[in-house]
Structure formats: C-alpha cells, structure tokens
Amino acid sequence: MHTKTHILVIFGSTRQGRRGEVVTNWLMDRLATRTDITFELADLRDIPLPFFDSPTSPVYGHIAPEAEHWAAQVDRAEGFIFVTPEYNFGYPAVLKNAIDHLYLPWTHKPAAIVNYGGFSAGYRVAEQLRQVFIELKMVPIREQVGISLVPGVVPNVSDPPDSPSKAFLDRAFNGMINELLWWATALTPARERDQQK
Ligand SMILES: Cc1cc2nc3c(=O)[nH]c(=O)nc-3n(C[C@H](O)[C@H](O)[C@H](O)COP(=O)(O)O)c2cc1C
C-alpha cells in the first residue's frame, strides 16, 4: 500500500507566448511544499495529440496509438489539477481534445481546477469544465484557485510574497489540495476493489 497520493497537473495552454506558465510554476512550487503527494506535470505543448477522430469511443477502452503515452500518464494519477486559461468564456480546444482522447483513465478520480484569465480570473471556464468532468465520472472539486493576470486586479501570482493577495492564493491552494486529497484517499481503494472483481 502506498502512502503518497499521485497528482497529475494538466496545463491547458499551448499558444505561443502563453502567460500561464507563471500560474503553473506557482502551483508546482506550492505542490512541492507537500510531503503527502507525488506529482507530475502534463504540459499539453509536449503532448502532441492529433485531433480526436477515432471511429470507436474511448468509453469502450479504445485509445489511439498516438495517445498511449498520454493515457498512461492519466492512468497512473489518483487526482488531477487542471490549469486552464479562459478563451472566449470557454476552455482551450487543445484541452478538450486531450480530454476526449481518453475515458477510462479519468473515471472515479477527483479533479480540481486552477483557472486564470483577465478581469474575471477565468472563473467561467471552471463551470464548463465541471460539466465535462461529470460525463467522464470524475469528481469535480468545489474548492478552486482563480488567478487574474491583470496587474493589480484580484489575486495575482506576480504580487510580492508578503502581500494579502499571495496569502489569499495560498489559502485557496490549501483548501483545494486538501479537498482533492480527501477524495483521492476515498476513491483509490474503491477503484482498487473494482479491479479485484
Ligand atoms: C482567444 C482569446 C480569448 C480570450 N478570452 C478571454 C475571456 O473570455 N476571459 C478572460 O478573462 N480572458 C480572456 N482572454 C485573455 C486570456 O485569459 C489571457 O490572454 C491569458 O494570458 C491566456 O492564457 P495563456 O497566455 O496562458 O494562453 C482571452 C485570450 C485569448 C487569446
């Protein structure tokens, strides 16, 4: 039996000059302070998946050959943190494509969201993603982190370490990771029981 929970961070912006790296780096730094987890980053820029065009739904276990490495990464995770920008009130197409390539590796696992954007901090994107999680039988985590990339607006990762804004973000992170781990701890043994049947 393992004691540390394995978390996969999925970074959903691949565009040139993307600004979300500051958000992902902030999150990875926070995760590194935890002794109760292991974690890895899935940067979708490094996972070149074709547009999903499989004749068979992944719900039946089918995985395209180009997605096998991606499937293994998702499969070994016990919980997910999606780091996503908001584009036109929605999530990036590249993120949806990566999600749609798989089904079974997502199921019965908790999924948290770190959303970022302009003045809205990308909160609308989280609501849309949660709807997708439900169809994939993931457990959407209520606690979330919302980050604005506009200087001086709502919590901003570029603010000084001793600022109220940074303290707010740390509190939001702690709430999110604790809830994610609560669900991961509950669901991992349940999945293992299923596999023994
Ligand atoms: C095509 C596009 C649409 C955008 N739409 C929104 C939006 O709906 N809400 C928002 O808060 N920011 C929006 N923005 C601003 C982005 O949140 C901001 O550019 C952010 O840096 C994007 O993340 P990235 O640089 O990591 O890709 C949009 C940006 C782009 C490029």
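Computed from a predicted model, the values in this text were never measured in an experiment. Whatever order the structure lists ligands and atoms in, that order sets their numbers, starting from 1.
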Is it true that, when you exclude Glu66 itself, more than 12 heavy atoms of the residues, nucleotides or ligands shown sit nearer than 6.0 Å to its CD?
yes
Side chains of Glu40 and His6: is there a donor and an acceptor less than 3.5 Å apart?
yes
Any side-chain heavy atom of Ile10 within less than 4.5 Å of one from Ile81?
no
Per-atom contacts of ligand 1 with Leu149, taking only distances under 4.0 Å to non-hydrogen atoms:
20 (C), 21 (O)
In ligand 1, which numbered atoms sit nearer than 4.0 Å to a non-hydrogen atom of Ser120?
11 (O)
protein heavy-atom neighbour closest to atom 29 (C) of ligand 1 works out as Tyr87 CD2, 3.9 Å
Numbered atoms of ligand 1 (with element) below 4.0 Å of Gly118, judged on heavy atoms:
10 (C), 11 (O), 12 (N), 17 (O)
What atoms in ligand 1 come closer than 4.0 Å to a heavy atom of Arg124?
9 (N)
Is the Phe133 to Trp106 ring centre distance short of 6.0 Å?
no
Measure the distance from atom 26 (O) of ligand 1 to every protein heavy atom, then report the residue, atom name and distance (to 0.1 Å) of the closest one.
Tyr116 OH, 2.6 Å
State, to 0.1 Å, how close Gly90 and Gln128 come at their nearest heavy-atom pair, and which atoms those are.
CA-OE1, 3.4 Å
Is there a donor-acceptor contact under 3.5 Å linking the side chains of Glu78 and Thr5?
no
Protein contact to atom 15 (C) of ligand 1 [nearest heavy atom, distance to 0.1 Å]:
Glu86 O, 4.3 Å
Atoms in ligand 1 with a heavy atom of Gly117 nearer than 4.0 Å
11 (O), 17 (O)
I would like to know whether Ser13 and Tyr87 meet side chain to side chain donor-acceptor pair (under 3.5 Å); could you show each step before the answer?
CA-CA 10 Å; Ser13 172; Tyr87 293 161; 3.3 Å; yes
Run Asp36 and Lys4 through salt bridge (Lys or Arg N to Asp or Glu O under 4.0 Å) and show every step you take.
CA-CA 5 Å; Asp36 48 355; Lys4 295 193 181 196; over 6 Å; no
Just by distance, no angles: are the side chains of Arg124 and Asn88 close enough, under 3.5 Å, to form a donor-acceptor pair?
no
Is the closest N or O pair between Phe11 and ligand 1 shorter than 3.5 Å?
no
For Arg15, take its heavy atoms, then give the atoms of ligand 1 lying under 4.0 Å from any of them.
19 (O), 21 (O), 24 (P), 25 (O), 27 (O)
For atom 1 (C) of ligand 1, what is the nearest protein heavy atom, given as residue, atom name and distance?
Asn88 ND2, 4.1 Å
Sub-4.0 Å protein heavy atom next to atom 18 (C) of ligand 1:
no
At a 4.0 Å threshold, what atoms of ligand 1 neighbour a non-hydrogen atom of Ser13?
24 (P), 26 (O), 27 (O)
Hey, is ligand 1 close enough to Phe89 that some N/O pair sits below 3.5 Å?
yes
